[in-house]
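What follows is a short report on a single structure.
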Amino acid sequence: MKNMRRYSNDISIVFGGAAGQGIQTIASALVSVLKRTGCHVFACTEFMSRVRGGSNSTQVRITGRKRHAYVHRIDFLFALNADALEHLKTRIAPTTIVFADKSQVPSTDEGLLVDAPITSFARQAGNPIYSNTAAVAVALGLLGIPQEGLDNYLREIFAGKGDAVVADNIEAARLGYAFGRQTALREEIEVEIAVEPEKNRPKELLLDGTAAVGIGAVAAGCTFISSYPMSPGTGVLTFLAQRSHEFNIVVDQAEDEISAVNTALGASYAGARAIVTTSGGGFALMEEGISLAGMTEVPLVVHLGQRPGPATGMPTRTEQADLNLVLHAGHGEFPRVILAPGTFAEAILLTQRAFQLADRYQLTAFVLTDQFFLDSTGSMAAAVVKREPIERHIVETDEEYMRYRFTPDGLSPRGVPGYGKGIVKCDSHEHDETGHLTENFETRRRMVEKRLRRIKALAAESLMPELVGGSADAPNIVVAWGSNRGVLEESLDTLQRADLAGLHFSQLYPFNPSVATLLKGKIVTVLENNASGQFADLLHRELAVSTANRILKWTGEPFSVEEVVEALREI
Amino acid sequence: MKNMRRYSNDISIVFGGAAGQGIQTIASALVSVLKRTGCHVFACTEFMSRVRGGSNSTQVRITGRKRHAYVHRIDFLFALNADALEHLKTRIAPTTIVFADKSQVPSTDEGLLVDAPITSFARQAGNPIYSNTAAVAVALGLLGIPQEGLDNYLREIFAGKGDAVVADNIEAARLGYAFGRQTALREEIEVEIAVEPEKNRPKELLLDGTAAVGIGAVAAGCTFISSYPMSPGTGVLTFLAQRSHEFNIVVDQAEDEISAVNTALGASYAGARAIVTTSGGGFALMEEGISLAGMTEVPLVVHLGQRPGPATGMPTRTEQADLNLVLHAGHGEFPRVILAPGTFAEAILLTQRAFQLADRYQLTAFVLTDQFFLDSTGSMAAAVVKREPIERHIVETDEEYMRYRFTPDGLSPRGVPGYGKGIVKCDSHEHDETGHLTENFETRRRMVEKRLRRIKALAAESLMPELVGGSADAPNIVVAWGSNRGVLEESLDTLQRADLAGLHFSQLYPFNPSVATLLKGKIVTVLENNASGQFADLLHRELAVSTANRILKWTGEPFSVEEVVEALREI
Amino acid sequence: MKTPSPEKPNPFDMPHKEMGWCPGCGNYKLLDSLKGALFELGIDRRNLVVVSGIGQGAKTPQYLNANMFNGLHGRSLPAALGIKLSNRNLTVIAESGDGCMYGEGGNHFLHAIRRNCDMTLIVHDNMVYGLTKGQASPTSLPGMKTPVQIDGVMLEPFNPLAVSLALNAPFIARASAGDEEETKEIIKQAISFRGFAVVDVFQPCVVFNRLNTYQWFRENTYYLPGDYDPADRMQAFAKAVETEKLPLGVIFREETRPVYEDLLGIGNTPLRSQEFREKAFEKMIAEYC
Amino acid sequence: MKTPSPEKPNPFDMPHKEMGWCPGCGNYKLLDSLKGALFELGIDRRNLVVVSGIGQGAKTPQYLNANMFNGLHGRSLPAALGIKLSNRNLTVIAESGDGCMYGEGGNHFLHAIRRNCDMTLIVHDNMVYGLTKGQASPTSLPGMKTPVQIDGVMLEPFNPLAVSLALNAPFIARASAGDEEETKEIIKQAISFRGFAVVDVFQPCVVFNRLNTYQWFRENTYYLPGDYDPADRMQAFAKAVETEKLPLGVIFREETRPVYEDLLGIGNTPLRSQEFREKAFEKMIAEYC
Ligand SMILES: Cc1ncc(C[n+]2csc(CCOP(=O)(O)OP(=O)(O)O)c2C)c(N)n1
Ligand SMILES: Cc1ncc(C[n+]2csc(CCOP(=O)(O)OP(=O)(O)O)c2C)c(N)n1
Ligand code: SF4
Ligand code: SF4
Ligand SMILES: [Mg+2]
Ligand SMILES: [Mg+2]
């Protein structure tokens with residue numbers, strides 16, 4: 001007798017195949033339809049550093065509440081080729097149902113193989129190109145989500161291609177959907193999904209991490225980007241380029257990263273709100289420029305999408321090993337701000353905040369993300385998209401204007417060239433108040449102090465970490481930063497242990513002085529995607545917090561909920 | 001009645017003037033003669049970032065025992081122009097005797113002005129160009145050091161210019177010397193200098209910090225340097241270029257620092273012992289290359305001469321603010337070694353050690369110095385110049401050779417192309433044992449571990465800090481690193497307090513595990529030439545040592561003995 | 001030179017600033033030519049930004065009463081680009097040494113020409129690294145001995161004119177700092193030119209370059225004749241690679257190449273004054289809903 | 001092509017390595033041409049080092065059974081320089097994409113030519129950034145739309161041949177990957193040439209460059225005629241700036257320029273085997289005493 005297979009409010013569907021086979025297209029169609037239907041969806045993707053071939057996969061999760069994490073478990077695997085099985089073999093369990101074309105994937109060691117002749121549905125509908133549509137439909141049928149949502153989606157997407165294409169796609173969807181439903185019945189697959197009724201649903205955005213950072217930049221009134229492509233940072237450049245007409249953003253693809261950062265600094269000096277986006281290796285080249293920003297007090301926002309290093313490392317994989325890099329980037333001593341969003345909402349807000357802080361404190365503000373975060377897709381409430389008022393702190397200069405005037409708080413009013421009667425001299429050398437180079441030791445002493453003084457005010461308004469599970473009284477605190485918010489939250493939810501609480505940092509530097517009290521007397525565990533525990537070291541250096549446990553991972557993959565749960569059990 | 005002026009075994013002579021006026025030439029002649037006479041001399045220099053004009057000065061100290069520190073006090077000031085007085089005014093005390101041509105320097109606010117018509121001595125001897133010689137002679141006469149040493153020196157130096165030039169110089173010296181002696185008698189200047197009798201004297205070298213690093217590199221069998229000029233790092237490039245014929249060193253002046261580091265890595269991959277020299281700003285550009293060295297496990301030595309940042313900062317001044325920079329240089333995680341010599345002997349030994357460690361552990365070894373150190377001159381015992389045996393750890397490859405073979409200690413035997421039957425694949429991507437790029441997560445995990453594993457062995461053979469004053473039992477420990485050894489030593493000597501001891505670190509990373517015990521239970525003061533206390537933070541991060549006091553200076557000048565003594569009194 | 005008078009002083013003068021150059025350095029003359037050109041063109045110093053890198057020549061804007069961005073060694077052109085694109089009403093001049101521009105900054109030189117922004121590049125070409133005390137620069141002549149090049153320079157000298165031509169730069173000139181009046185006129189043409197104007201200026205370094213002195217430049221250069229046609233690219237290349245005697249003047253000039261600001265559709269409103277587009281923002285958010 | 005036979009297989013083959021290129025990519029052909037050239041020249045793979053940067057073309061040495069230094073994006077030439085100077089017995093080939101070489105690596109391209117080491121540079125010029133998914137490269141043609149260049153490429157394309165000529169490179173060639181046999185022959189000439197040989201190879205990217213396809217290259221190129229004289233620099237410049245149809249073959253060749261290794265006086269002993277000079281060391285120390 002067959003076992004009934006029941007899936008309740010936590011379903012993991014994975015699409016595996018080669019680059020160019022369309023798994024991204026399938027996943028994003030599925031996610032769109034599910035989101036519109038009122039499900040909580042989350043998707044993340046892992047892919048090789050090549051354009052065609054290889055083995056990639058995308059996970060789509062449907063959950064009872066919003067989740068932002070990767071799970072190791074696969075419930076339904078759509079294998080678009082035989083390699084997908086090999087590639088994902090450690091994740092295929094006896095409970096996994098594998099959908100594949102039997103002609104290509106004859107058998108599976110583990111799990112149940114369902115022959116899903118997806119291409120033939122497409123062919124029946126008129127063209128093998130409709131396979132993606134058919135695949136999405138199979139999944140929807142399996143899940144028991146009404147086909148209507150998909151049909152609407154197809155109408156929209158293919159509107160420009162003519163009615164015939166729309167009709168053919170809908171036909172492919174019908175065939176796939178029917179097959180999915182039949183399979184569910186035959187294999188006694190019972191899926192329970194909490195669907196929010198339409199009227200209760202708050203307005204939601206569906207987006208990925210890249211878009212979230214991009215939207216944040218647009219919301220901040222960013223008017224300038226100069227960057228050089230580098231995965232996974234390129235997306236933000238592409239995003240702003242795509243939106244450049246709508247928002248009148250000047251986009252310059254630089255010849256190299258050194259040019260990118262110096263161009264952005266020139267732009268910012270002249271009054272633009274400027275950002276650069278890159279990854280660790282590209283950022284390493286920008287460090288002299290970061291130091292220039294420090295010396296000249298020219299505001300700058302840097303988005304750094306982390307990937308595994310050193311050197312070229314793994315261009316399309318994920319890691320959180322560039323914290324120390326940004327913390328100490330550039331020679332000499334000068335202040336900076338490091339923000340690391342853990343949710344899409346945070347990415348939108350903190351990217352804006354980065355621009356605000358950069359302008360207010362005349363320094364470099366970092367938005368530190370990673371491949372996992374940037375390439376993840378999920379939904380967030382539209383109400384959270386807040387636009388902070390844009391404060392530029394630019395003054396009209398008078399004849400006596402001096403760019404580096406000494407003031408009590410160390411911040412000199414910022415003038416820009418061509419605005420007012422004064423002139424604006426911006427200098428990479430140590431300089432006097434007018435901006436001319438100086439070798440006066442006393443001026444030097446005061447200028448260093450001036451530049452460093454702002455750290456205090458900055459720290460005072462630093463974001464506090466957020467409790468993401470458990471209560472503040474718990475003796476054990478698990479700390480995560482940046483993209484690990486979701487996996488920590490979900491793991492703690494899973495464990496439901498009163499002695500465990502989670503604390504998520506979205507501002508990594510400087511720390512708010514009140515942070516220390518949150519961690520005082522606690523047994524601290526730090527969870528981070530690197531090999532050495534960089535944030536744990538930072539906690540120790542800045543707050544004298546000793547870390548009892550470090551949960552680290554440096555394979556190039558994100559943490560899965562399962563492994564974090566497992567690791568936390570040991571505490 | 002005039003007061004007798006007595007100077008005993010600690011005399012500070014300063015030459016002040018414009019760039020191009022020859023103060024360096026004067027000082028180095030004086031130092032040479034004094035050294036040969038058997039005195040302990042030390043000289044350090046401060047100069048503006050320009051080629052002619054401005055106000056520079058060089059201090060020559062004659063001391064009862066070897067010193068390696070700057071003192072604020074000036075006993076005898078030779079002012080080559082009026083600006084020198086203005087420039088040095090905070091250092092001119094009532095006890096200072098100022099030697100100057102009264103036609104140029106009519107008066108001094110403080111101190112005693114002695115009209116020293118040096119140019120006219122030169123002119124009398126035949127040519128105003130002999131002024132430098134006359135100035136040195138005045139100083140020697142004043143000090144009561146026999147003129148003979150200077151005459152011999154002049155004979156050597158001007159040997160190539162013909163007898164007439166030698167004779168004229170000796171005449172200028174005679175005039176100057178007589179004037180110096182007369183002045184001493186007239187002003188009742190009594191100078192006591194401990195002169196080691198010739199037969200007791202160990203053989204000694206007279207050299208500056210740059211030469212010490214250069215000699216270390218030569219002693220290590222360095223065969224390759226590629227660098228881009230940048231003060232104060234350029235000197236090591238010049239040194240090796242000058243010696244390139246004698247030691248068959250390939251010297252390539254690169255088009256930029258990025259090229260320099262990548263060229264050096266190419267050279268090292270092919271089997272050369274390669275070094276690059278630079279300063280903070282140039283090094284910032286090399287960071288991606290440092291990360292490449294980390295990933296590829298290609299040995300490299302970097303000499304970084306620090307100067308005040310950020311950005312261009314103060315090109316010819318001194319600072320110790322690039323420790324964090326080298327500590328965290330490059331994206332991703334990989335091991336490194338940081339050495340920071342405090343004496344010339346250490347510079348010779350540690351530069352060799354840097355090459356040895358780089359080759360043995362297949363990583364980047366840093367020699368961290370600064371402008372003060374590089375531009376200081378002093379003597380050291382020749383017996384200390386030890387040549388360590390050169391160990392290359394290069395193997396002849398066989399057909400099965402794999403560059404990144406997994407081994408228990410994480411070190412794969414290093415082959416080079418063209419030596420043996422195998423091929424050597426060196427890869428910037430994450431790679432498998434053969435050196436081909438891989439996206440296998442398990443291989444990634446192991447390769448990261450492999451690269452990091454060597455930290456342990458490295459730490460085990462890390463140099464212990466040295467006690468440079470006081471006893472290990474003292475409750476207060478004053479810590480210094482790199483170039484501050486001399487000033488700490490002398491300050492402690494001056495204070496002679498039983499509760500104070502000095503500890504000097506010449507290896508900054510990784511720490512020897514035994515270091516912690518030295519600092520346990522102590523009240524720790526850290527002395528460093530920067531604004532934030534970077535080494536104090538490192539002690540805290542690595543060893544959980546809390547620093548009770550930080551003595552910091554960031555004006556662009558080195559610490560003076562007086563101010564360290566003062567600061568230590570407060571403890 | 002139509003010199004500024006006491007009644008109409010040159011507003012670009014900064015009389016009270018002590019200067020860091022050696023007596024006799026060609027930079028003084030070049031600075032004068034530049035100030036003369038700016039004065040005669042009637043440029044408003046508040047709308048002028050002089051951008052430089054690091055080196056002796058790069059100190060120029062420190063001695064000029066105008067907006068300054070004295071950035072990093074080698075990086076004047078990227079900064080100049082950012083400035084121009086953010087406010088095209090500004091007159092932008094990038095100024096630096098041969099090492100700064102063709103050595104450390106070589107890549108930006110290539111790609112700045114490709115972009116063709118409306119700005120002027122003035123290179124203080126003394127064929128040596130002055131500030132760092134006499135090493136070879138990309139334009140040093142073979143054989144010149146220095147403390148690093150102890151056997152003399154071995155590399156083929158970088159030819160800024162030929163490379164600019166190869167990259168299709170629309171305005172390429174060479175001047176000689178010793179000739180203040182001629183240099184001023186060339187700089188005026190360059191600043192007035194609509195597009196990226198390259199001006200390589202021979203500038204004697206009297207301390208570290210004992211080979212290429214004022215006299216050497218006088219003897220080894222000549223001005224292009226009045227009937228020289230700067231529109232002919234092939235002829236310009238022939239001129240650019242001449243080595244016997246080095247031609248001075250505008251070697252190439254092409255009026256028709258569109259400037260980058262226009263291609264990008266940049267308007268006259270500086271980016272700092274741009275209004276936030278609320279409507280577009282709402283529309284964009286809606287697209288994600 | 002004088003193909004390797006089963007009895008004499010091409011020792012540069014690496015049959016078991018999975019390749020990361022898309023089906024139909026021009027890189028396969030270029031790799032074959034290169035392997036063919038190496039085979040026919042009888043080069044010992046243990047004395048060959050192929051140096052590359054990062055990009056699709058830069059993966060080449062991953063698929064070649066020879067020594068490899070696969071370094072950083074843009075930095076193949078400096079690494080190649082270090083290798084050659086440390087052991088001049090090695091045959092050194094630098095291999096990378098147009099973005100890698102003329103974009104990120106532009107400065108090294110300039111200065112490597114100036115040095116004139118005896119090595120070969122092969123640029124996989126697909127006029128696009130392949131690996132990062134289709135942004136414009138320095139050689140992209142104006143008008144080409146990409147996800148970043150949404151209004152089409154606006155910059156003047158980088159002309160590697162003209163720039164090489166301007167820098168006085170002694171060997172300059174262009175090939176087209178579609179023509180395997182011709183490309184192999186050009187590469188053979190380049191490797192055999194004593195000096196720095198630049199070979200820009202048109203390489204169709206079948207995924208991201210829909211403009212410059214195999215067919216486009218066929219239609220828009222021609223081979224230089226047999227009687228073309230590559231020694232004439234002016235004529236070569238005229239060829240290099242042709243845009244109507246793009247010439248293929250060896251555009252310029254000058255035999256007499258001395259190579260950097262010789263100028264530096266580098267001997268045949270690799271640096272790794274150099275004996276320490278004790279005597280000289282003692283003498284030096286004595287100088288300081
Ligand atoms: C990144 C970096 N590398 C090196 C330097 C040191 N540096 C300052 S100026 C200069 C070269 C000066 O030569 P050039 O540009 O020709 O100017 P000049 O002094 O001759 O006018 C160098 C190498 C620096 N400031 N920054
Ligand atoms: C410092 C740095 N910047 C950016 C990148 C990302 N990157 C990798 S390959 C590449 C461009 C590839 O273009 P091209 O060199 O033309 O090679 P192709 O893939 O077209 O063969 C870029 C920008 C990188 N690896 N390193
Ligand atoms: S060193 Fe040369 S370029 Fe610099 S200021 Fe002196 S003369 Fe001029
Ligand atoms: S993306 Fe283009 S260049 Fe890269 S492998 Fe595919 S076809 Fe070739
Ligand atoms: Mg110069
Ligand atoms: Mg390409």
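When reading the values below, keep in mind they use all heavy atoms of this one structure, side chains included, and skip hydrogens, waters and symmetry mates.
Judged by distance alone, with hydrogens and angles left aside, the side-chain atoms of T263(B) form no donor-acceptor pair with the main-chain N or O of G82(D) at under 3.5 Å. Remark: the backbone N or O of I258(B) is not paired with any side-chain donor or acceptor of R75(D) at under 3.5 angstrom. Checked by atom type and distance alone, the side chain of Y288(D) never pairs as donor or acceptor with a backbone atom of A382(B) at under 3.5 Å. For the pair Q274(D) (side chain) and T223(B) (backbone), a donor-acceptor distance under 3.5 Å is absent. The backbone N or O of P61(D) sits less than 3.5 Å from a side-chain atom of K425(B), completing a donor-acceptor pair. Put simply, the side chain of N67(D) gets close to the backbone of V424(B): a donor and an acceptor are under 3.5 Å apart.
In E287(D), the CD atom is crowded: over 12 heavy atoms of neighbouring residues, nucleotides or ligands sit closer than 6.0 Å. Other residues, nucleotides and ligands place no more than 12 heavy atoms under 6.0 Å from the CD atom of E198(B).
C289(D) approaches L205(B) most closely through the heavy-atom pair SG-CD1, 3.7 Å. Looking at every heavy atom in both residues, N47(D) comes nearest to G418(B) through OD1-CA, 3.5 Å. The nearest pair of heavy atoms linking L437(B) to Q62(D) is N-OE1, 3.0 Å. Residues V218(B) and F276(D) approach most closely at O-CE1, 2.9 Å, considering heavy atoms. Between Y260(D) and V251(B), the shortest heavy-atom contact is OH-O, 4.2 Å. For P78(D) against N262(B), the heavy-atom pair with the smallest separation is CB-CB, 3.7 Å.
A260(B) does not touch chain D: none of its heavy atoms, backbone or side chain, sits under 4.5 Å away. Residue contact with chain B, scored on non-hydrogen atoms closer than 4.5 Å, is absent for E18(D). With a threshold of 4.5 angstrom between heavy atoms, F247(B) approaches chain D through its backbone and through its side chain. For V385(B), the part lying under 4.5 angstrom from a heavy atom of chain D is the side chain only. Heavy-atom distances place no part of H431(B) under 4.5 Å from chain D, backbone and side chain included. Heavy-atom distances place both the backbone and the side chain of I215(B) under 4.5 Å from chain D. Heavy atoms closer than 4.5 Å to chain D are found nowhere in A264(B), neither backbone nor side chain. For chain B, the nearby part of I54(D) is the side chain; its heavy atoms alone come within less than 4.5 Å. Contact of S226(B) with chain D is not made at all, since no heavy-atom distance falls under 4.5 Å. Proximity to chain D is limited to the side chain of K35(B), based on heavy atoms less than 4.5 angstrom apart.
Counting only heavy atoms from C-beta outward, the side chains of E255(B) and L110(D) never approach each other to under 4.5 Å. Counting heavy atoms from C-beta on, the side chains of N87(D) and P417(B) never come closer than 4.5 Å. The shortest distance between side-chain heavy atoms of L271(D) and R273(B) does not fall below 4.5 Å.
Between the CG atom in D256(B) and the NE2 atom in H111(D) there is a gap of 7.5 Å [rounded to 0.5 Å]. Atom CZ of F12(D) and atom CD1 of I423(B) lie 10.0 Å apart (nearest 0.5 Å). A distance of 10.0 Å separates CZ of R243(B) from CZ of F281(D), quoted to the nearest 0.5 Å. With rounding to the nearest 0.5 Å, the separation of CD1 in I285(D) from CD1 in I348(B) is 6.0 Å. Here the CG-CG distance, from N248(B) to L264(D), works out to 10.5 Å after rounding to the nearest 0.5 Å. Atoms CZ and CG, from F224(B) and L85(D) in turn, are 5.0 Å apart once rounded to the nearest 0.5 Å.
In this structure, R387(B) does not pair ionically with E282(D), as no charged nitrogen and carboxylate oxygen lie closer than 4.0 Å.
Chain D forms the most heavy-atom pairs under 4.5 Å with one residue out of K203(B), R403(B), E288(B), and that residue is E288(B). Chain D forms the most heavy-atom pairs under 4.5 Å with one residue out of S428(B), S268(B), G435(B), G271(B), and that residue is S428(B). Chosen from S273(D), A80(D), A286(D), A79(D), the residue pairing most often with chain B at heavy-atom distances under 4.5 Å is A79(D). The most heavy-atom pairs under 4.5 Å with chain D, out of D252(B), V250(B), V298(B), come from D252(B).
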